[in-house]
Amino acid sequence: GEYWVATYGGGVARLNLNIPAGEGSTRSRFTAYEVSGDPAANRVRVLRRDRAGQLWVGTEGGLFLLEERNSEVRFRLMELGLASHPDDLVPVWALLEDREGSLWIDTSVGLMRRLRDGRISHILGYSFADNPAVRSLLEDGDGKIWLGQKAALIVLRPDAASARVARQFTSAEGLIGERVRAMFRSTDGRIWIGTSACLNELDGERFRSYGEVQGVQGGSINALAEDSDGNLWVGTDHGGALRIAQKGFVSFKAADFPSH
């Protein structure tokens with residue numbers, strides 16, 4: 001009955017659906033929490049709840065862990081182990097918990113993995129000039145880690161201490177779009193890639209693309225999810241939400257949803 005919502009500038013909000021909605025209600029369903037006194041930390045880029053129930057908060061001012069005791073909510077800044085970059089000056093763009101319980105953290109200065117015992121392993125380093133701007137991470141059925149970059153996908157094969165590049169996909173394999181915005185692995189094993197141009201589906205070794213001609217409208221694909229019936233939901237920049245069912249695409253606009 002509760003959802004945590006990331007905001008850009010307002011910290012984190014908790015949505016409590018157990019509170020009655022409507023004009024007669026005296027309580028708001030939303031409770032806003034400041035992550036830190038630093039404005040950058042209240043520009044939240046990603047939320048990730050791990051298997052232990054902990055909520056990780058990736059912000060433009062570092063990585064935080066939500067701690068709640070006796071109804072008091074606070075956010076603890078986590079150490080990233082970067083000697084040349086203070087923890088509160090490292091923007092965090094994407095988070096992923098893998099099957100081993102490690103937390104993969106993509107930042108403006110590199111990709112790192114936080115092991116279950118708290119140790120940090122630095123996987124890839126970025127310079128300002130070649131920052132690949134990873135905005136999404138994915139674990140596939142074989143345990144490999146996918147990084148969505150500006151115009152490419154990097155597939156890593158992790159081991160106990162590090163990871164090596166196992167594969168790279170670009171436009172040569174049919175990937176369309178200047179920037180990867182979202183990735184999702186559906187229950188049937190298919191991998192879907194949302195880019196700034198269209199929706200891509202990995203079909204073996206190559207990608208099949210879905211754009212306006214196929215019914216996917218709205219520009220950039222920013223979010224991908226699957227419902228209990230196996231339908232794929234696609235969030236777009238300005239085309240609303242799309243549902244990909246076995247019979248094809250169904251589009252939804254804001255007016256199709258309840259106002260509260």
Side-chain angles (χ1 to χ4, degrees), residues 1-6 15 17 44-56 58 93-104 106 134-149 153-156 167 169 173-177 179-212 214-254 256-258:
E2 290 188 344
Y3 294 87
W4 290 92
V5 182
L15 170 61
L17 296 180
V44 181
R45 288 290 186 169
V46 59
L47 299 175
R48 177 69 62 181
R49 187 177 294 280
D50 64 22
R51 294 182 184 89
Q54 300 180 115
L55 186 70
W56 298 86
W93 305 123
L95 297 170
L96 169 73
E97 184 187 21
D98 66 20
R99 62 184 63 187
E100 303 296 332
S102 295
L103 184 71
W104 294 76
D106 192 77
V134 172
R135 295 296 181 269
S136 55
L137 295 167
L138 171 75
E139 183 181 25
D140 66 19
D142 297 324
K144 295 190 292 295
I145 305 299
W146 294 54
L147 286 68
Q149 299 185 330
L153 292 169
I154 302 295
V155 183
L156 300 177
R167 185 72 188 270
F169 295 95
E173 288 76 33
L175 180 65
I176 296 177
R179 187 182 298 273
V180 175
R181 306 290 292 271
M183 296 189 292
F184 186 77
R185 178 176 176 264
S186 53
T187 53
D188 60 9
R190 287 184 292 176
I191 292 180
W192 300 85
I193 309 295
T195 71
S196 54
C198 66
L199 178 67
N200 297 263
E201 175 194 359
L202 181 60
D203 183 14
E205 295 294 313
R206 295 188 59 81
F207 286 93
R208 178 185 298 134
S209 62
Y210 302 89
E212 292 189 3
Q214 292 79 20
V216 180
Q217 302 180 356
S220 294
I221 307 297
N222 296 320
L224 297 167
E226 188 177 40
D227 63 24
S228 58
D229 293 323
N231 299 311
L232 183 72
W233 288 80
V234 182
T236 70
D237 253 0
H238 51 265
L242 305 172
R243 185 183 69 197
I244 302 179
Q246 292 182 354
K247 296 181 179 179
F249 295 88
V250 180
S251 300
F252 296 89
K253 303 295 185 181
D256 296 318
F257 295 93

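It should be emphasised that the depicted structure is a prediction, and the values quoted were computed from it without experimental measurement.
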**Q** Check side chain to side chain contact (heavy atoms under 4.5 Å, CB included) between R208 and all other residues, then give those that pass, not counting sequence neighbours.
**A**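 R208 satisfies side chain to side chain contact (heavy atoms under 4.5 Å, CB included) with E201, D203, Y210 once adjacent residues are dropped.
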**Q** Under 3.5 Å, is there a donor-acceptor pair between the side chain of D98 and the main chain of G143?
**A**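 No, the answer is negative, given that no donor and acceptor are paired below the 3.5 Å cut-off.
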**Q** Nearest 0.5 Å, what's the CG-CG distance between L156 and D140?
**A**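 Reported to 0.5 Å precision, the distance equals 10.5 Å.
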**Q** Indicate the atoms forming the closest heavy-atom contact of L147 with M183, along with that distance.
**A**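 Answer, listing the atom of L147 first, then M183: C-CE, 4.0 Å.
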**Q** Quick one: does D227's side chain have a donor or acceptor within less than 3.5 Å of a partner on D229's backbone?
**A**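 It does hold such a pair.
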**Q** Atom CG of L95 and atom CG of L55: how far apart are they, to the nearest 0.5 Å?
**A**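 Nearest 0.5 Å value for the CG-CG distance: 9.5 Å.
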**Q** For G194 and I221, work out which heavy atoms get closest and say how close.
**A**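 Shortest heavy-atom contact: CA-CB, 3.5 Å.
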**Q** Please list, chain by chain and in numerical order, all residues satisfying side chain to side chain contact (heavy atoms under 4.5 Å, CB included) with S220, sequence neighbours excluded.
**A**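 Side chain to side chain contact (heavy atoms under 4.5 Å, CB included) list for S220, sorted by chain: R181, S196, N222, D237.
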**Q** After noting the C-alpha distance and the side-chain angles of L202 and W146, does the key distance pass the side-chain contact (heavy atoms from CB on, under 4.5 Å) rule?
**A** CA-CA 13 Å; L202 181 60; W146 294 54; 3.5 Å; yes
**Q** Using a 4.5 Å cut-off on heavy atoms from C-beta on, say whether the side chain of V234 contacts that of L199.
**A**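 Side chain of L199 against side chain of V234, heavy atoms only: contact under 4.5 Å found.
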**Q** Give, for atom OG1 of T195 and atom CZ of R179, the distance between the pair rounded to the nearest 0.5 Å.
**A**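 Nearest 0.5 Å value for the OG1-CZ distance: 11.0 Å.
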**Q** Specify the closest pair of heavy atoms between S209 and I176, including all atoms of both residues, with the distance to one decimal.
**A**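 Minimum heavy-atom separation between S209 and I176: OG-CD1, 3.4 Å.
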**Q** Taking the side chain as every heavy atom from C-beta outward, state whether F169 and I193 have any pair of such atoms under 4.5 Å apart.
**A**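 When only atoms from C-beta onward are counted, I193 and F169 do not touch, as no gap falls below 4.5 Å.
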**Q** Quick check for you: to the nearest 0.5 Å, what is the distance between L153 atom CG and F207 atom CZ?
**A**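 Answer for the CG-CZ pair, L153 versus F207, is 5.0 Å.
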**Q** Are L175 and E173 packed together at the side-chain level, in the sense that at least one heavy-atom pair is separated by less than 4.5 angstrom?
**A**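 Of all side-chain heavy-atom pairs linking E173 with L175, none is under 4.5 Å.
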**Q** Pair I145, L138 - check side-chain contact (heavy atoms from CB on, under 4.5 Å), show working.
**A** CA-CA 6 Å; I145 305 299; L138 171 75; over 6 Å; no
**Q** Within this structure, what is the CG-CH2 distance for the pair L15 and W4, rounded to the nearest 0.5 Å?
**A**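 Atom-to-atom, L15:CG and W4:CH2 are 11.0 Å apart.
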**Q** For residues L232 and R190, determine if any side-chain heavy atom of one lies less than 4.5 Å from a side-chain heavy atom of the other.
**A**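 No, their side chains stay 4.5 Å or more apart.
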**Q** Is there a donor-acceptor contact under 3.5 Å from the side chain of R99 to the main chain of G141?
**A**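 A pair under 3.5 Å: yes.
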**Q** E97 and side-chain hydrogen bond (donor to acceptor under 3.5 Å, both in side chains): which single residue from R48, R49, R51 fits?
**A**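 Single side-chain hydrogen bond (donor to acceptor under 3.5 Å, both in side chains) partner of E97 among R48, R49, R51: R51.
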